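Read the numbers this way: they start at 1 and go in the same order the structure lists the ligands and their atoms. Bear in mind the structure is a predicted one, so any value in this text is a computation, not a measurement. Side-chain atoms are counted along with the backbone in the values below, which use heavy atoms only and exclude waters and symmetry mates. When a residue number appears, it is its place in the shown sequence, counting from 1.
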Amino acid sequence: MSDFRFIPYRHKAYSEEEMLSRAKEFYALLNARRSIREFSDKPVPAAIIENIIMTASTAPSGAHRQPWTFCAVADAALKREIRKAAEAEEYENYHGRMPKEWLDALAPFCTDWKKPFLETAPWLIVVFRRIYEIKGNTKANNYYVNESVGIATGMLLAAIHYAGLVALTHTPSPMQFLGRILNRSENEKPFLLIPVGYPADGVKVPDLKRKSKEEVLVIYS
Ligand code: IYR
């Protein structure tokens with residue numbers, strides 16, 4: 001007999017018709033999500049951000065280690081510091097560090113080194129990967145950290161959209177400055193910087209098409 005306790009799983013069952021309609025509804029909901037680069041400065045209550053982050057933290061993870069920390073930053077001075085550091089790195093990226101092929105790939109998005117959204121958005125969620133845990137003076141390994149944090153961040157983006165907010169998955173590079181500015185410990189490595197809030201009035205997004213079913217789905221039945 002195992003010493004480990006198992007509890008009943010409460011499965012919520014639906015008819016096949018209900019499942020199809022729920023699957024379509026959720027697809028339509030998430031298909032309407034877009035990355036947004038211009039934000040309103042309208043504040044968002046902390047309780048909404050807390051619930052979104054706790055949704056992300058329900059993600060499956062290697063050995064259930066939940067190897068993530070979500071820092072939610074609304075403080076104006078910290079946001080300014082993060083913007084300054086991100087822009088210093090991005091300036092270098094756009095002026096020589098990114099090869100021409102990369103710059104050409106980015107052209108449709110009209111991005112540049114300037115990142116005003118890092119101050120305008122009411123919240124910056126900084127996602128950290130916890131590559132190990134510190135238990136006393138020993139290190140405990142975490143497992144499948146990239147996969148776990150990637151899944152949690154996907155759920156975070158879905159929760160942001162479901163709540164009625166917008167976000168950008170921003171990847172300033174390199175981004176060690178985030179650990180320094182937010183005073184994180186050395187087992188925490190920055191993963192993504194996600195401004196969250198309302199879109200700026202009249203915001204426009206690139207006219208992108210998503211890949212078709214034929215391009216992304218292969219059924220073996
Ligand atoms: N991190 C840079 C460049 C950038 C890279 C990719 I790939 C994007 O999809 C978008 C931007 C920036 O944020 O401008």
[X]: numbered ligand 1 atoms lying under 4.0 Å from its heavy atoms:
| X | result |
| --- | --- |
| Tyr94 | 2 (C), 3 (C), 12 (C), 14 (O) |
| Thr171 | 1 (N) |
| Lys115 | 12 (C), 13 (O), 14 (O) |

Ser40 backbone acceptor or donor facing Thr120 side chain under 3.5 Å: no
Distance in Å, Met98 CE paired with Asp104 CG, rounded so as to fall on 0.5 Å steps: 10.5 Å
Reported CZ-to-CZ distance for the pair Arg129 and Phe191, which is rounded to 0.5 angstrom: 7.5 Å
Can you tell me which residue and heavy atom of the protein come closest to [atom], and the distance to 0.1 Å?
| atom | result |
| --- | --- |
| atom 7 (I) of ligand 1 | Trp102 NE1, 3.6 Å |
| atom 4 (C) of ligand 1 | Leu106 CD1, 3.6 Å |
| atom 2 (C) of ligand 1 | Glu90 OE1, 3.1 Å |

Asn93 near ligand 1 by a heavy-atom separation under 4.0 Å: no
Polar proximity ligand 1 side, Thr111 side, N/O cut 3.5 Å exclusive: no
Note: Lys84-Glu87 ion pair, threshold 4.0 Å (strictly below): no
Heavy-atom nearest option to atom 13 (O) of ligand 1, drawn from Lys114, Met175, His170: His170
Contact check, side chains of Cys71 and Arg184, non-hydrogen atoms, under 4.5 Å: yes
Within 45° cone of Tyr143 ring axis and under 6.0 Å: Arg65 NZ or CZ: no
Pro174 versus Glu89, closest heavy-atom pair with distance: CD-OE1, 3.3 Å
